[in-house]
2 protein chains.
Amino acid sequence: MHAKQSAAALPNSIIFPGAKAPVASLGAEEATHLRLQALARYAGARSRDSRVIDNSVSQVVLVVEGAVKLIASAAAGRTQVMGFYFKDDFIYVPARDTHAYNLCALTDCELVAFPATEFIRLAQSDKTLNNNFLSHLLRALGRCREKSLALGQKTARERVATFLVSMAERIGAPFSNGAVLDLPMSRRDIGDNIGLTIETVSRQMTELRNAGIVSTSGRSQVKILDLAALKQEAGHLPVPT
Amino acid sequence: MHAKQSAAALPNSIIFPGAKAPVASLGAEEATHLRLQALARYAGARSRDSRVIDNSVSQVVLVVEGAVKLIASAAAGRTQVMGFYFKDDFIYVPARDTHAYNLCALTDCELVAFPATEFIRLAQSDKTLNNNFLSHLLRALGRCREKSLALGQKTARERVATFLVSMAERIGAPFSNGAVLDLPMSRRDIGDNIGLTIETVSRQMTELRNAGIVSTSGRSQVKILDLAALKQEAGHLPVPT
DNA sequence: TTTTTGGTTTGACCAAAATCAATGACGACC
DNA sequence: GGTCGTCATTGATTTTGGTCAAACCAAAAA
């Protein structure tokens, strides 16, 4: 397992100055903390590590620091990036045997993993934790449905714009009437996430740049100059009829 | 609200000979049943009714009989069918204000709806119900992720094949080395579900028919003659590496 | 039964995105 | 600071699936 090897490179004492801090963000009652900590498997990972966690059984994973992607593999080497996750996000990762899912590090990162079955059992005795988990799942389902809509109905331009808007909301630093992003993922990751090739992603970025909606510098920095225009491009309008 | 009007057309006494039966399929403890029943809103709907339930607040809906689709509306009249649901399925339907979701009847059907907030609160005092709800959400998330993969990575042929395999598993009657399906949804619904136009769906069906993998009769009946070949076409192979 | 209606299939054509192929640039490492 | 490898961009071409339009068929209505 890669994580172990990385944990050696980034010793736990550095990664987790206080083991309690990450678990605290789950918002559980005091009594639950100790039991959660007993359950927790801490994992540090280097950028690009795949198999960051042991998913021989389903896991609930909390991102303490850094960024990861959840990928699903289909036939013929095609992969779909199911999602990107950042500090304080948590993720339900199904066991590998049922679906070919895998968690990969985008940057050096710190994770806490709980075996899902035990996590859920524990949550049953703690209303707060249970509620948090439930509302997380509902949000995850909502986001996944939103992504289905994008993949099923939206054009390349709209998908790229949607992606950028979403990233701005999640990891953007406010800037003028937009945001500044430092994208930790490659163009391939982006393409695999929104169902496009890297070339198409690149072309759409160029067009958005030419339209004066974004500007880029280097491979990872994106400045969103006009967030309103970008949202327009993203085709956001849930119209209740 | 349509449901009320339909309920008049299909009186409750006919729809629900015993009000307890549907709730029972939630597998809750005896003590919870009464409280669930107090919460339940029964709705009958005619085929093609949209706005089958009142989703001014989020709802948990159980399909007692018939078939429904959950649709999401985007700009420019584009709609995505998030999923099809049949007897005993249950569905989390978010409030209309957050996302433009709507439940529509595909056939005459009978539903039981619970306001999500109260349902969840109730589930907290009943481990069985809570577990059922949780595992339902996990399965829903899994299926939604699977759909994302299909929409993001699969070709038209693979999507149609995937759709048929899924329907065979859910509502197919065994037949030779395949299954017989009576599809309650139109080609448009299918297209909106898998991100294709009706013409493309039709063409792919024709090709599958020419390949001897399926045969059709009328608008709704599909015989899957060779399920193995269909799965091959669907590009099913989660390869754990 | 005949008619009507609306969903479905088929074909011709078109557009969007994928593929193929170079070129260019960033960043890591020497 | 230079070199190399990887990733990103750009362009030419092909492919896939979408669009438009006509014909067809099944189910319901007259």
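We name chains A, B, ... by the order of the sequence lines, and we start the count at 1 in each one. Since this is a predicted model, take the numbers as computed values, not measurements. These numbers come from the heavy atoms of this one structure, side chains and all, not from hydrogens, waters or symmetry mates.
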### Task
In plain terms, say whether B/E158 and A/R78 are close enough for a salt bridge, that is, a side-chain N and a carboxylate O under 4.0 Å apart.
yes
### Summary
Taking for A/A156 and for A/S220 the nucleotide of DNA chain C with the nearest heavy atom, the one nearer the 5' end belongs to A/A156
### Query
Rounding to a whole Å, what distance do you find between A/R157:CZ and C/dA18:C1'?
18 Å
### B/Q221 CD to D/dA26 P, straight-line distance once rounded to whole Å
13 Å
### Summary
Looking only at D/dT9, C/dA17, C/dT19, the nucleotide nearest the A/L196 side chain is C/dA17
### B/T79 and B/D192: side chain donor to acceptor below 3.5 Å
yes
### Side chain of A/R48 (C-beta onward), nearest among D/dC7, C/dG7, C/dT9
D/dC7
### Distance test, side-chain N/O of A/S186 to OP1/OP2 of D/dC7, below 4.0 Å
no
### Query
What's the shortest heavy-atom distance between A/A234 and A/V165, and which atoms?
CB-CG2, 4.5 Å
### Task
Would you mind reading off the distance between A/L106 atom CG and D/dC7 atom P, rounded to a whole angstrom?
13 Å
## Note on the structure
note: A/R187, atom CZ; C/dA18, atom P; distance rounded to Å ~ 15 Å
#### Entry: Spacing of A/K154 atom NZ relative to D/dG18 atom P, expressed in whole Å
18 Å
Show me the donor-acceptor pairs within less than 3.5 Å that the side chains of residues 176-187 of chain B make with the rest of the protein, sequence neighbours left out.
residue	atom	partner	partner atom	Å
B/D182	OD1	B/S220	OG	3.1
B/S186	OG	B/R188	N	3.3
B/S186	OG	B/D189	N	3.1
B/S186	OG	B/D189	OD2	3.4
B/R187	NH1	B/R219	O	3.4

### Message
What is the separation between atom CG on B/L208 and atom P on C/dT10, rounded to the nearest whole Å?
### Response
12 Å
#### Entry: Given D/dT9, D/dA8, D/dG17, the nucleotide with the shortest approach to the side chain of A/R219
D/dA8
### Query
How close or far is atom C1' of C/dT10 from atom CZ of B/R209, stated in whole angstroms?
11 Å
### Task
Just call it for A/G195: base, sugar-phosphate, or nothing, with non-hydrogen atoms closer than 4.0 Å on any strand.
sugar-phosphate
### Summary
In numerical order, the residues of residues 199-206 of chain A whose heavy atoms come under 4.0 Å of DNA chain C are A/E199, A/T200, A/R203
### CA sep, side-chain torsions, deciding dist, call: B/I71, B/Q80, side-chain contact (heavy atoms from CB on, under 4.5 Å)
CA-CA 6 Å; B/I71 67 173; B/Q80 170 80 10; over 6 Å; no
### Task
Show the numbers, then the answer: is there a side-chain contact (heavy atoms from CB on, under 4.5 Å) between B/F84 and B/F163?
CA-CA 11 Å; B/F84 299 108; B/F163 170 79; 3.7 Å; yes
### Query
What is the distance from CZ of B/R188 to P of D/dT19, rounded to the nearest Å?
10 Å
### Task
Indicate yes or no: at least one non-hydrogen side-chain atom of A/E110 is less than 4.5 angstrom from one of A/Y42.
no
